[in-house]
Amino acid sequence: MSNTAKALPLIIDCDPGQDDAIALMLAMASPEELNLLGICAVAGNVPLVLTEANARRIRDVSGRPEVAVFAGCPRPMVKILETAEYVHGKSGIDGAGLPDPSRPVEAAHAVDWLVDTLRHADAPITLATLGPLTNIAMAIVMAPDIVENIGQLVLMGGALSLGNITPAAEFNIYSDPHAAHIVFEAGLKLTMIGLDVTHQARATPERLEAIRAIGNPAATCVAGMLDFYGAQYIETFGEGAPLHDPCVIAYLLRPDLFTGQDMRVDIEISSPLTIGQTVCDVHARSGQAANANVLEKIDADGFFALLGERLALLPDTV
Ligand code: BDR
Ligand code: CA
């Protein structure tokens, strides 16, 4: 697949994860709009050895063997690693039914590659982050000058009003709150897509069957993953798996599907009760300048139409 000259230079940092996997497919099915420079993996939903291999499996089923995959940090900056096999299964992408990846992971560490790529970029690069922010924070600590070449960072993480891993915190931010604190303090152009938005993007049975009916290997893989992942969600959050991470890619492709507002967001890093909370200053009480565009609403039907349209573009055979 070839990129057009106006495609957005993009790096995806992720911890696949079924919803990360679907986000990767959406990006790899959209080369006209997104020039995917590389995929970085981080420990999160499952250990790094699995997240990086899963990213390579998804690259294969998406028919994009040329996209480089880099392995990054195997644990958060300060906290211990707490994975989420109870949601994603032992592999992280249970239900996908994919073979082992065809090509090895790149030799360079993801953080070294991020620093090098951002330093030598001749145009600003967009970062899309779908997991704990460890790799990005490490890169910023190692090389603060890279911030000037990060055009924007769009993240799945946090929430205005609810948590999923604790009453106060969302998984990605909770997993490495110290990294999130560094990223939110870095002066980046940030867009935060939290649980308030992603819980509107639910794979209802009708939407899931529409994806299954596409019938190519990628869509069949998505349907299998959602069968598994959706079942884990029903007891706690009700029917229809929220497609958290694909919202980030959808925002890059179709920002008109979303609404939100600028506000100050601080990351709680010290309270045992609320560690990892994204403290959103909705009513501007702190007197501090906004540091994020916090999205609040998504046109879910428009989102699923986009996803279905793009999955249908992926290869019929792999
Ligand atoms: C986030 O945590 C993970 O379980 C998902 O992949 C998503 O990135 C949702 O809280
Ligand atoms: Ca994720």
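Ligands are counted one by one from 1 in listed order, and the atoms in each one are counted from 1 as well. Since the structure is predicted, the reported quantities are computational estimates derived from the model, not experimental observations.
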Visitor: For the backbone of S102 and the side chain of D60, can you confirm whether one donor and one acceptor N or O come within less than 3.5 Å of each other?
Guide: yes

Visitor: With the Ca ion (ligand 2) as the reference point, give the N/O/S atom of D15 that is nearest.
Guide: OD1

Visitor: Nearest to atom 3 (C) of ligand 1, what protein heavy atom do you find, and at what distance?
Guide: N45 OD1, 3.1 Å

Visitor: For N164 and ligand 1, does the shortest N/O to N/O distance drop below 3.5 Å?
Guide: yes

Visitor: Determine which of the N, O or S atoms in D245 is closest to the Ca ion (ligand 2) and give its atom name.
Guide: OD2

Visitor: Any donor and acceptor pair, going by atom type alone, linking the side chain of H283 with main-chain N or O of R285 inside 3.5 Å?
Guide: no

Visitor: For atom 8 (O) of ligand 1, which protein heavy atom lies nearest, and how many Å away is it?
Guide: D245 OD1, 2.7 Å

Visitor: Classify the ring geometry of H244 against Y233: parallel below 30°, tilted from 30° to 60°, perpendicular beyond 60°.
Guide: tilted

Visitor: Backbone N or O of R202 within a donor-acceptor pair of the R207 side chain at under 3.5 Å?
Guide: yes

Visitor: Among V87, D19, T129, T83, which one puts a heavy atom closest to atom 5 (C) of ligand 1?
Guide: D19

Visitor: When you compare ligand 1 with L130, is there at least one nitrogen or oxygen pair between them that comes in under 3.5 angstrom?
Guide: yes

Visitor: Is the shortest N/O to N/O distance between D20 and ligand 1 below 3.5 Å?
Guide: yes

Visitor: Please list the nearest protein heavy atom to atom 4 (O) of ligand 1 with its residue and the distance rounded to 0.1 Å.
Guide: H88 NE2, 2.8 Å

Visitor: Would you indicate which of Q232, E170, Q18 comes nearest to atom 1 (C) of ligand 1 when only heavy atoms are counted?
Guide: E170

